[in-house]
*Asks:* 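Let me give you the structure first, and then I'll get to my questions.
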Amino acid sequence: MPRDPVLKPLKRADLPVETVALARFLVGATIVHDLPEGLVAARIVETEAYLPDDPASHTYRGPTARNAPMFGARGHAYVYLNYGMYWLFNISSDIPGIGAGVLIRAAEPVAGEAIMADRRPGRSGRGLLNGPGKLAAAMGIGPAHSGADLCAGGPLRLAHAVRPAGEIGVSTRIGLTKAADLPLRFFERGNPWLSGPKALNR
DNA sequence: TCACTGATCGTCT
DNA sequence: GACGATCAGTGAG
């Protein structure tokens with residue numbers, strides 16, 4: 001992990017508008033969060049796209065109070081509680097009025113690894129960020145961030161890749177009961193911080 | 001490494 | 001009132 005990572009902010013204009021393009025683009029990009037204990041940063045290694053006409057997407061049945069951020073301009077956070085226990089972090093995509101976004105599933109530490117480990121008692125190393133619920137917990141991302149603009153220089157924001165992404169692999173999404181066969185999961189091939197079964201990471 | 005299971009609760013039907 | 005974009009623990013191969 002670089003000792004002095006350069007975390008250059010991503011502007012909205014840097015983000016592809018289309019959801020699949022954004023999901024691919026975000027592999028390699030950096031999530032930065034200023035926490036009371038210090039700054040944490042992680043390099044995204046795995047994403048999933050959720051499309052407007054996608055039965056698996058929360059936006060499939062139209063806008064609600066909860067999913068409103070997904071209908072906003074690209075680059076906003078949509079955070080929601082899953083299975084009554086875990087917060088999942090998404091980034092909205094497409095133009096305002098279209099409900100779509102990208103789930104951030106896994107990342108590797110870039111800065112503040114000790115801080116992230118402290119937020120996941122009893123866990124460390126590769127078990128720290130290899131899953132959407134774990135990632136949000138370790139990075140201190142919660143309901144207060146839903147709707148936040150990640151391109152506005154706030155505490156939670158996006159930054160350029162500290163290291164270019166390697167070859168991008170594609171697979172079906174994980175954990176779905178609807179539209180489970182669509183190839184909308186994107187990941188950096190060979191990266192040790194990925195979630196999911198080995199067979200999906202080729 | 002994989003398959004299976006219980007935990008737990010906000011959101012929408 | 002049912003349903004999850006999950007995780008950790010357990011047990012088998």
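Every chain is numbered from 1 and lettered A, B, ... according to where its sequence line falls, protein lines coming before strand lines.
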*Asks:* Just so I know, are the side chains of Leu194(A) and Asn130(A) near enough to count as touching, which here means a heavy-atom distance under 4.5 Å?
*Replies:* no

*Asks:* Nearest-Å distance, CG (Leu88(A)) to C1' (dT11(B))?
*Replies:* 15 Å

*Asks:* Could you walk me through whether Met139(A) and Leu129(A) pass side-chain contact (heavy atoms from CB on, under 4.5 Å), step by step?
*Replies:* CA-CA 9 Å; Met139(A) 297 195 75; Leu129(A) 300 171; 4.2 Å; yes

*Asks:* Calculate the interatomic distance between Leu128(A) atom CG and dC7(C) atom P; express it in whole Å.
*Replies:* 12 Å

*Asks:* Within the structure shown, what part of the strands sits under 4.0 Å from Arg66(A) by heavy-atom distance: base, sugar-phosphate, or nothing?
*Replies:* sugar-phosphate

*Asks:* Whether Arg61(A) contacts dC3(C) is assessed here as follows: a side-chain N or O lying under 4.0 Å from the phosphate OP1 or OP2. Is that the case?
*Replies:* no

*Asks:* Separation of Tyr60(A) atom OH from dG4(C) atom P, in whole Å?
*Replies:* 14 Å

*Asks:* Considering only side-chain heavy atoms of Arg123(A), which listed nucleotide, dC7(C), dC12(B), dG9(C), is closest?
*Replies:* dG9(C)

*Asks:* Using the rule side chain to side chain contact (heavy atoms under 4.5 Å, CB included), only one of Leu15(A), Thr30(A), Leu150(A), Val32(A) pairs with Leu10(A); which is it?
*Replies:* Leu15(A)

*Asks:* Expected output check: what is the dot-bracket annotation of DNA chain B, where ( ) and [ ] are pairs inside the strand (brackets for crossing ones), | is paired with another strand, and pairs are Watson-Crick or G-U under 3.5 Å?
*Replies:* |||||||.||||.

*Asks:* Check the distance between dA5(C)'s P and Ile91(A)'s CD1 and give it to me in whole angstrom.
*Replies:* 19 Å

*Asks:* Output the single nucleotide from dT6(C), dC7(C), dC12(B) whose closest atom is nearest the side chain of Thr64(A).
*Replies:* dC12(B)

*Asks:* Where is the tightest heavy-atom contact between Gly112(A) and Val40(A), given as atom of each residue plus distance?
*Replies:* O-CG1, 3.7 Å

*Asks:* Which atom names give the shortest non-hydrogen contact between Phe186(A) and Ala49(A), and what distance separates them?
*Replies:* CE1-CB, 4.3 Å

*Asks:* Indicate yes or no: does Asp149(A) engage Arg12(A) in a salt bridge with an N to O separation below 4.0 Å.
*Replies:* yes

*Asks:* Centre-to-centre under 6.0 Å for Tyr80(A) and His58(A), is that the case here?
*Replies:* yes

*Asks:* Assess whether salt bridge (Lys or Arg N to Asp or Glu O under 4.0 Å) is satisfied between Arg173(A) and Glu48(A), documenting all intermediate values.
*Replies:* CA-CA 7 Å; Arg173(A) 295 174 291 184; Glu48(A) 281 179 0; 5.3 Å; no

*Asks:* How long is the line joining CE of Met70(A) and C1' of dT11(B), in whole Å?
*Replies:* 15 Å

*Asks:* Hey, can you pull the residues of residues 73-87 of chain A with a non-hydrogen atom under 4.0 angstrom from DNA chain B?
*Replies:* Leu81(A), Tyr83(A), Gly84(A), Met85(A)

*Asks:* Near DNA chain B, counting only heavy atoms under 4.0 Å, which residues of residues 44-58 of chain A show up?
*Replies:* none

*Asks:* At their closest point, which heavy atom of Leu51(A) faces which heavy atom of Val20(A), and how far apart are they?
*Replies:* CD2-CG2, 4.3 Å

*Asks:* For the pair Glu18(A) and Arg24(A), find out whether any cationic side-chain nitrogen is under 4.0 Å from an anionic carboxylate oxygen.
*Replies:* no

*Asks:* We want to know whether Arg185(A) and Ser171(A) form a side-chain donor-acceptor pair, criterion being a heavy-atom distance below 3.5 angstrom.
*Replies:* yes

*Asks:* Roughly how many Å apart are dT10(C) and dT8(B), using the P atom of each and rounding to a whole number?
*Replies:* 16 Å

*Asks:* Just how far, in rounded Å, is C1' of dC12(B) from NZ of Lys178(A)?
*Replies:* 11 Å

*Asks:* How many whole angstroms separate atom CG of Asn130(A) from atom C1' of dT6(C)?
*Replies:* 12 Å

*Asks:* Salt bridge check: are Glu108(A) and Arg126(A) linked by an N-O gap of less than 4.0 Å?
*Replies:* no

*Asks:* How would you label the contact of Arg120(A) with the nucleic acid (heavy atoms, under 4.0 Å): base, sugar-phosphate, or nothing?
*Replies:* sugar-phosphate

*Asks:* Taking atom P in both dT13(B) and dA5(C), what distance in whole Å separates the two?
*Replies:* 14 Å

*Asks:* Specify the separation, in whole Å, of atom CZ of Phe186(A) and atom P of dA5(C).
*Replies:* 18 Å

